[in-house]
Amino acid sequence: MPGSSSVTAFDDLPEWLVVDEILVCLPPKDVLRCRAVRKSWRSGTSTDVFILGHHRRQPSLPIIQHKLGICRVVGGCNDLKIRPVIRYEGSLTKFQLQAACDGLLIVSQQANFFICNPATLKCASLPRPPLRPRFSFIHVVGFYRHHTSGEHRILWVSYTKPIRIYETFQLPDYFIHAVGSSQPRCIQWPTVSEQKYFPATRSADCPPVHHRGSLHWLMGLNITVFDTVAETFRQMRRPTQLGDMVSLLDMGEALALCHVAPDCATLDVWVLQDYDAGTWGFHYRIDLLGMEASPPINWMFQSIPRMALINERELLIQRHIHHLLHCDIDGVFLGNVESEERLSCWTLTRHCLQESMISLPLFEMQEEEAVNQEPPFSIVL
């Protein structure tokens with residue numbers, strides 16, 4: 001306006017309004033840039049309240065894994081793309097995404113484990129519990145934030161595989177390890193005589209579903225529940241008539257089961273209607289053969305479909321290592337999801353990345369002590 005001063009519009013707004021109503025809605029990268037503009041913005045966006053509130057506003061996006069790195073699905077409406085998050089350095093050694101929580105990722109390469117925040121470009125090496133004697137393994141089972149202490153903690157499993165047929169199978173050990181601590185803590189889990197499964201399996205293959213402050217794994221005809229506050233295991237029942245070809249999903253407000261028909265042509269989704277009573281109900285069915293896609297989909301020689309939810313109405317389905325489609329819960333085809341880097345042979349994981357600016361004391365501690373092991377990958381988010 002003529003005669004007006006050259007101050008920006010932001011100068012006319014209350015500081016709390018800028019921080020709590022405007023900056024909190026921006027993506028993490030933009031918030032981090034804004035911290036360099038004003039000291040008040042830096043301090044206002046560095047509080048735990050802001051960081052957690054900002055994190056809750058971010059979309060939870062499915063993670064794609066392939067031999068060259070980790071990607072995520074981004075975009076909106078009918079234009080989803082696969083974009084890189086982490087790119088593995090040239091190596092023949094297999095990398096693996098172990099777990100994801102609060103925008104933090106745990107990645108392993110052989111016996112080395114790393115934790116990183118792609119949004120802030122921070123990374124640190126992780127110690128792990130000791131291996132058992134002989135032919136033993138150790139895996140990440142769960143990754144969660146302990147709400148009482150505010151710590152991020154890792155649930156590990158350690159077990160020994162019998163080398164000979166006549167050797168007795170030893171029950172696994174479960175450890176809780178607070179990120180940044182050097183002392184893992186062994187916890188007990190209830191053993192049942194007729195139980196044919198571990199109470200929880202490795203997160204890399206079957207990550208638990210975070211719901212109502214607990215981790216949930218689909219194990220046989222039961223659902224294993226780990227209370228992340230009390231840090232105890234228990235069992236939940238699920239509909240046995242769905243058989244074995246099922247997967248556990250998070251519908252936001254409820255847990256869900258996706259049942260794949262024997263011919264892999266239809267997907268039935270059941271929802272846990274009453275968590276405490278354990279009441280399940282049929283929700284919807286997707287007919288893959290009846291889906292009108294463009295170009296038409298050849299369902300011959302396809303594998304068992306993998307499904308990931310984007311929101312309450314939209315989902316991703318993969319039935320081939322080169323093909324990922326986007327549809328809604330009515331079975332309406334919304335488009336094919338393409339890779340911006342022309343990747344091939346990818347896998348739709350059950351992990352999700354919900355970006356955050358959450359930092360860990362471990363990041364700063366290893367930077368100050370210059371003991372950080374250089375990660376064998378680069379963050380390209």
Under 30°, 30 to 60°, or over 60°: which ring-plane class applies to [X] and [Y], parallel, tilted or perpendicular?
X    : Y    : value
H177 : W156 : tilted
F114 : F377 : perpendicular
Y159 : F137 : parallel

Contact check, side chains of [X] and [Y], non-hydrogen atoms, under 4.5 Å:
X    : Y    : value
H326 : I310 : yes
L52  : I358 : yes
L334 : L80  : no
N336 : H323 : yes
R38  : V18  : no
L360 : K122 : no
I154 : F113 : no
N112 : P376 : no

[X] with [Y], same ILVMFWY side-chain cluster at under 4.5 Å:
X    : Y    : value
I304 : M307 : yes
F226 : V229 : no
V107 : V380 : no
V37  : F50  : yes

Taking salt bridge (Lys or Arg N to Asp or Glu O under 4.0 Å) as the test, write out the residues that go with [X], two or more places apart.
X    : answer
R313 : D330
E338 : none
D287 : none
R285 : D268

Got a sec, which residues hit side chain to side chain contact (heavy atoms under 4.5 Å, CB included) with [X], two or more places apart in sequence or on another chain?
X    : value
P305 : V260, C264, L267, L288, I317, R319
L242 : R238, P239, V246, L257, H259, W270
S182 : none
A204 : Q96, Q98, R202

Any chance you could measure [X], atom [atom1], to [Y], atom [atom2], to the nearest 0.5 Å?
X    : Y    : atom1 : atom2 : result
Q241 : L221 : CD    : CG    : 10.5 Å
L353 : I64  : CG    : CD1   : 12.0 Å
H66  : Y88  : NE2   : OH    : 8.0 Å
C34  : L26  : SG    : CG    : 5.5 Å
I329 : M251 : CD1   : CE    : 7.0 Å
Q273 : W280 : CD    : CH2   : 10.0 Å

Considering all heavy atoms, the nearest [X]-[Y] contact:
X    : Y    : result
L23  : H54  : O-CD2, 4.1 Å
L215 : G142 : CD1-CA, 4.0 Å
I379 : C116 : CD1-CB, 4.2 Å
C206 : W217 : O-CD1, 3.7 Å
P207 : H351 : CB-CE1, 3.4 Å
I82  : C71  : CG2-CB, 3.5 Å

Partners of [X] by side-chain hydrogen bond (donor to acceptor under 3.5 Å, both in side chains), sequence neighbours excluded?
X    : answer
S40  : E15
R42  : none
Y275 : H216, R234

Indicate yes or no for a side-chain donor-acceptor contact from [X] to the backbone of [Y] under 3.5 Å, with no hydrogens or angles considered.
X    : Y    : result
Q354 : Q58  : yes
S356 : D102 : yes
T228 : H146 : no
Q318 : L348 : yes
E231 : I176 : no
H55  : E355 : yes
H211 : L249 : no
T349 : I63  : yes
R35  : T45  : yes

Is it true that, when you exclude D274 itself, more than 12 heavy atoms of the residues, nucleotides or ligands shown sit nearer than 6.0 Å to its CG? yes
Report the C-alpha separation of L13 and I22 in whole Å, then their side-chain angles, then the decisive distance to 0.1 Å, and conclude whether the side-chain contact (heavy atoms from CB on, under 4.5 Å) test is met. CA-CA 11 Å; L13 297 176; I22 298 177; 4.1 Å; yes
Begin with the C-alpha distance, continue with both residues' side-chain angles, and end with the deciding distance and a verdict on side-chain contact (heavy atoms from CB on, under 4.5 Å) for V269 and I286. CA-CA 8 Å; V269 176; I286 296 177; 5.7 Å; no
Name of the residue among S214, S203, C101 meeting side chain to side chain contact (heavy atoms under 4.5 Å, CB included) with P208: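 The single option meeting the side chain to side chain contact (heavy atoms under 4.5 Å, CB included) with P208 is S203.
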Show the numbers, then the answer: is there a side-chain contact (heavy atoms from CB on, under 4.5 Å) between Q235 and V225? CA-CA 6 Å; Q235 295 282 319; V225 183; over 6 Å; no
Taking it one step at a time, do I115 and L105 satisfy side-chain contact (heavy atoms from CB on, under 4.5 Å)? CA-CA 6 Å; I115 185 169; L105 303 180; over 6 Å; no
Connected hydrophobic set around V74, excluding itself, where side chains approach under 4.5 Å: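 Via sub-4.5 Å side-chain contacts, V74 links to L61.
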